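The structure appears right after this line, and notes come after that.
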Amino acid sequence: MVMRRWLERRQAPATYALVLCLVGIQCLVEFQSHEIWYRMGGLNRETFVATKSLTLFSYGFLHGGWWHMLSNALMIVFLGARIESWWGARKMLVIYFGGLLAGGIMHLLLSVDQQGLLVGSSAGAMSLLLAVTTSDPDARFFPIRLRARNVGYGVIIASAMLMVLHPERKIPALAEAGQSLQSMLGQGVYRIGHACHAGGALFGLLYVKWSLWTLVRKKRK
């Protein structure tokens, strides 16, 4: 099992190229003013209009720091390599960039925070995660030993719930529950782009389901 996974990662040039791109851009950002890069490529409704929607993709190549970038890069390496070995490089990139696009759109439509700038490739990583759990739904995720399908649906449900529970939405009862959650987990729980995560995850789920359906349909012909 370990050898098979190692071979999968070795046969994923597109995944490694994508991660190297993220690392290279983070190096450039660190050597120059963060603010300039974020104003140019971060996503909110103002930059979306100003750049004619280009920030729907550029936000995914910027990160809030090395730890933010490395955590996403590790997810992309492990998940993207597996998808690339199963579905090929083209589909892996479609899943990743489609997740960025869907996550960005969901953020613009549903996020209560439109003053700050959204950055990070987590929507693409979430799309890859749901692509893995949908492609092999009965696999077990180490170390929690849950079935992959349950992990995938759990991610979508958790992201949607955290998005809805945001206290600034002021939804009766839900806002109070959101404040209680914030008091337990800290202010940072709502600084994460939950709408963006949900959008990316949904894209990965739906794209792979559609791909599997088309494969079954071709075999029947």
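This is a predicted model, so every value here is computed, not measured.
- By the 4.5 Å heavy-atom criterion applied to side chains, Phe203 and Leu101 are not counted as neighbours.
- Of all non-hydrogen atoms in Ser58 and Thr55, the two that sit nearest each other are OG-CA, 3.0 Å.
- In this structure, the side chains of Thr15 and Leu18 stay at 4.5 Å or more apart for every pair of heavy atoms.
- Annotation: Phe97, atom CZ; neighbour count of heavy atoms from other residues, nucleotides and ligands within 6.0 Å is above 12.
- Of the possible polar contacts, one joining the His166 side chain to the Glu168 backbone as a donor-acceptor pair under 3.5 Å is found.
- Rounded to the nearest 0.5 Å, atoms CG (Leu128) and CD (Glu84) are 10.5 Å apart.
- Using a distance-only test at 3.5 Å, with no hydrogens or angles considered, no donor-acceptor pair links the side chain of Tyr96 to the main chain of Lys91.
- Between the side chain of Arg149 and the backbone N or O of Asp136, no donor-acceptor pair lies under 3.5 Å.
- To the nearest 0.5 Å, atom OH of residue Tyr59 and atom CG of residue Leu62 are 11.0 Å apart.
- A donor-acceptor pair under 3.5 Å links the side-chain atoms of Ser180 to the main chain of Glu176, judged by distance alone.
- Shortest non-hydrogen contact noted between Ser159 and His194 is O-CB, 3.6 Å.
- Looking at Leu22 and Ile76, their side chains come closer than 4.5 Å, going by heavy atoms from C-beta outward.
- Within the model, atoms CG of Leu162 and CD1 of Ile192 stand 8.0 Å from one another, a figure rounded to the nearest 0.5 Å.
- If you check the side chains of Trp87 and Ser211, you find no donor sitting under 3.5 Å from an acceptor.
- Cluster membership check: Leu212 shares its hydrophobic cluster with Leu129, using side-chain heavy-atom separations under 4.5 Å among Ile, Leu, Val, Met, Phe, Trp and Tyr.
- Both Leu215 and Met92 sit in one connected hydrophobic cluster of ILVMFWY residues. Membership requires side-chain heavy atoms under 4.5 Å apart, directly or through other members.
- Remark: Phe78 CZ to Leu74 CG distance equals 6.5 Å, nearest 0.5 Å.
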Under the side chain to side chain contact (heavy atoms under 4.5 Å, CB included) criterion, do Val23 and Met69 qualify, and how do the steps go? CA-CA 8 Å; Val23 173; Met69 187 279 296; 3.9 Å; yes
Pair Gln26, His68 - check side chain to side chain contact (heavy atoms under 4.5 Å, CB included), show working. CA-CA 10 Å; Gln26 187 62 32; His68 187 202; over 6 Å; no
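- With contacts defined as side-chain heavy-atom distances shorter than 4.5 Å, the pair Met126/Val155 qualifies.
- What you find for Ser121 and Asn72 is that their closest heavy atoms are OG-CB, 3.2 Å.
- Under the 4.5 Å side-chain contact rule for hydrophobic residues, Met161 and Leu109 do not share a cluster.
- The two residues Ile156 and Ala201 make their nearest non-hydrogen contact at CG1-CB, 3.8 Å.
- Using modelled atom types, one side-chain atom of Arg45 and one backbone atom of Leu108 make a donor-acceptor pair closer than 3.5 Å.
- Judged by distance alone, the side chain of Thr134 and the main-chain N or O of Val208 form no donor-acceptor pair under 3.5 Å.
- Between Asn44 and Gln115 the shortest side-chain heavy-atom distance does not fall below 4.5 Å.
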Give the intermediate values and the outcome of side chain to side chain contact (heavy atoms under 4.5 Å, CB included) for residues Arg82 and Val132. CA-CA 7 Å; Arg82 187 165 296 187; Val132 168; 4.2 Å; yes
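- Taking every heavy atom of both residues into account, Ser135 and Ile83 meet most closely at OG-CD1, 4.2 Å.
- Between His197 and Ser122, the closest side-chain pair of non-hydrogen atoms falls below 4.5 Å.
- Annotation for Val19 and Val77: closest pair CG2-CG2, 3.6 Å, computed over non-hydrogen atoms.
- Ile157 and Leu130 end up in different hydrophobic clusters when Ile, Leu, Val, Met, Phe, Trp and Tyr side chains are linked at under 4.5 Å.
- Atom CD of Glu30 sits in a crowded spot, with more than 12 heavy atoms from other residues, nucleotides or ligands closer than 6.0 Å.
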Which is it for Leu54 and Phe48 under the side chain to side chain contact (heavy atoms under 4.5 Å, CB included) test, yes or no, and what are the steps along the way? CA-CA 7 Å; Leu54 289 178; Phe48 170 75; over 6 Å; no
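- A chain of hydrophobic side-chain contacts below 4.5 Å, direct or via other Ile, Leu, Val, Met, Phe, Trp or Tyr residues, connects Leu117 to Val49.
- Put simply, CD1 on Ile95 and CG on Leu100 are 12.5 Å apart, with the number rounded to the nearest 0.5 Å.
- Atom-to-atom distance recorded for Cys27:SG and Trp66:CH2 is 3.5 Å, nearest 0.5 angstrom.
- Taking 4.5 Å as the limit, every side-chain heavy atom of Pro137 sits out of range of all side-chain heavy atoms of Thr133.
- By the 4.5 Å heavy-atom criterion applied to side chains, Arg169 and Val112 are counted as neighbours.
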